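Here it is, the structure in full.
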Amino acid sequence: MSKLRIMSVFGTRPEAIKMAPLVKELKSRGEVESLCCVTAQHREMLDSVMDVFGLTADSDLDIMTPRQTLSTITSKCLTGMDDVIERLKPDMILVHGDTSTTFSGALSAFYHQVPVGHVEAGLRTYDKYSPFPEEMNRKLVTQIADLFFCPTANNRENLLKEGVRDGVFVTGNTVIDALKTTVRPDYHFATDILNTLDYSARKVVLVTCHRRENYGEPMANIMSALRDIAAQNEDAELVYPVHLSPIVRETANKYLAGVPRVHLIDPLPADEMHNLMARAYLVMTDSGGLQEEAPALGKPVLVLRRETERPEAVEAGTVAMAGVRYDDILRMGNELLQDDAVYARMAHAVNPYGDGNACRRIADAIEWHFGRRAERPDDYLP
């Protein structure tokens, strides 16, 4: 019997971090030929993750262009995938999460009648414009996919409510698998300033902010609040790896450049980001992935968005919604930096996102789906 040809398709830094351990897990399986196609929707940031995890793409669409639009990303992915699918002839295509690459990869697979596995399936905000375009991307992929790999039972319930019954697995989140390989107590940063920070004496706040729905007034509110949090907490240091988006960079520089104890640095490779997070005191972010990564490391998270598709962490107490209003962000940031009891409650809450075995469960489910494994894998139960 020939090996299963399973092709993982991704194009952004967060996707690559979460798919890298799965690509490697599939490579370890005797029943599987693990293929990797990257769209390079985010070229530089994607390449750094590939280097960290030692991955080489079987196909690279290299679609990134300056100030690219959602339409150009989607159209280039679709046309580029035609040749890849015809050439590599995968038995299944795996896509991750909710990016334009995710939707385009799934749609292209459908056009070629190739089954789709959706990693990190079932996340919802039920607001199609927030996050934009991610919420609609993941809902559209749900209509196409054949297998659904849900990080949590709550994600599975979302799919059940939408009538999805077959091929649904609860696996945990693959980002926890990734953290197991990247975080080390003896880690030395290539970004020199990160080696000079006193993580024991100072309260280092890791910041990210880049989402499209935060462009404009919300991002201005966020940056203003970060500036004043730094001013009002002399024992805090804010470290902000600034996204390469020109809009994000212009806004960050306008409000935060030159502010004492605020460090604007270039985006970090995955291993540097994970090890900085492990040493930080607090995370403030509009990222989805950091809401999962930071709780696994015992770090409280303030979410700089109006809503989250990851309510499990809010319910568990590891994450709190700060929103995009200046007053709320300032108040909640100051509270975590100044009130030890509030901080301890969040830092010691239980992480709901997995045990580091998500990739094994996903690979088992794929083998079971294709009749290469006798028993259906058990769902993850925290």
Side-chain angles (χ1 to χ4, degrees), residues 6-12 14-23 25-26 90-110 114-128 131 133-178 287-289 291-293 307-313 352-355 357-370 376-382:
I6 308 299
M7 185 168 75
S8 299
V9 178
F10 50 90
T12 68
E15 288 175 291
I17 291 170
K18 293 181 174 184
M19 289 296 277
L22 178 55
V23 171
E25 174 66 28
L26 290 168
D91 295 302
M92 172 168 276
I93 287 176
L94 301 180
V95 295
H96 179 278
D98 52 23
T99 70
S100 296
T101 287
T102 307
F103 170 57
S104 303
L107 184 60
S108 185
F110 169 70
V114 177
V116 173
H118 188 192
V119 180
E120 200 171 274
L123 279 69
R124 296 289 188 270
T125 64
Y126 298 105
D127 178 347
K128 72 178 182 179
E134 289 85 357
E135 175 71 3
M136 189 52 66
N137 283 340
R138 53 192 172 224
K139 292 183 77 171
L140 292 167
V141 173
T142 294
Q143 302 307 308
I144 296 171
D146 301 273
L147 298 183
F148 306 85
F149 305 114
C150 300
T152 71
N154 182 71
N155 305 144
R156 177 181 57 194
E157 290 304 311
N158 289 340
L159 294 180
L160 292 174
K161 282 187 271 187
E162 295 171 17
V164 179
R165 296 284 186 274
D166 298 328
V168 181
F169 302 84
V170 180
T171 62
N173 198 300
T174 59
V175 76
I176 310 303
D177 302 38
S287 164
Q291 295 177 52
E292 301 151 347
E293 295 164 354
E307 65 279 298
T308 180
E309 54 282 279
R310 294 165 172 85
E312 302 87 357
Y353 289 117
D355 57 2
N357 293 304
C359 294
R360 175 182 59 76
R361 294 186 183 94
I362 293 170
D364 286 349
I366 292 170
E367 290 184 346
W368 177 79
H369 174 77
F370 283 100
R376 187 189 195 279
D378 292 334
D379 286 334
Y380 166 67
L381 297 173

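Fair warning: this is a prediction, and the values are worked out from it, not measured in the lab.
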Donor-acceptor pair, distance only, cut-off 3.5 Å: does the side chain of T102 make one with the backbone of V95?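 Such a contact is absent between T102 side chain and V95 backbone.
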Is the backbone N or O of G97 less than 3.5 Å from a side-chain atom of H118, with the two atoms forming a donor-acceptor pair by type?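 Side chain of H118 to backbone of G97, a donor-acceptor pair under 3.5 Å: yes, one is there.
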Reference residue Y380; test side-chain contact (heavy atoms from CB on, under 4.5 Å); the match among T152, V170, N173: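 With Y380 as partner, side-chain contact (heavy atoms from CB on, under 4.5 Å) holds for just one option, V170.
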Are side-chain heavy atoms of T142 and F148 found at a separation under 4.5 Å?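 They are in side-chain contact.
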Ignoring hydrogens, what is the shortest heavy-atom contact between G11 and T101? Give both atom names and the distance.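 Between these two residues, the closest heavy atoms are N-CG2, 3.7 Å.
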Roughly how far, to the nearest 0.5 Å, is the CH2 atom of W368 from the CG atom of L147?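 So the CG of L147 and the CH2 of W368 are separated by 8.5 Å.
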Can you tell me which residue pairs pass the salt bridge (charged side-chain N to carboxylate O under 4.0 Å, His left out) test with a partner in residues 140-159, sequence neighbours excluded?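 Applying salt bridge (charged side-chain N to carboxylate O under 4.0 Å, His left out) to every pair that reaches into residues 140-159, excluding sequence neighbours, yields R156-D379.
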Side chain to side chain donor-acceptor pair (under 3.5 Å) with T99: which of E15, E134, R138?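 One option only clears the test, and that one is E15.
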Does a side-chain N-to-carboxylate-O contact under 4.0 Å join D355 and R361?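 A salt bridge is present here (some side-chain N lies under 4.0 Å from a carboxylate O).
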Report, as yes or no, whether the 6.0 Å neighbourhood of atom CZ on F110 holds more than 12 heavy atoms from other residues, nucleotides or ligands.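 Incorrect, the count does not exceed 12.
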Tell me the closest heavy-atom pair linking N158 and G122, and the distance in Å.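 Smallest interatomic distance, heavy atoms only, reads ND2-O, 2.8 Å.
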For residues T125 and E307, is any side-chain donor paired with an opposing acceptor at under 3.5 Å?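 Side chains of T125 and E307: no pair found under 3.5 Å.
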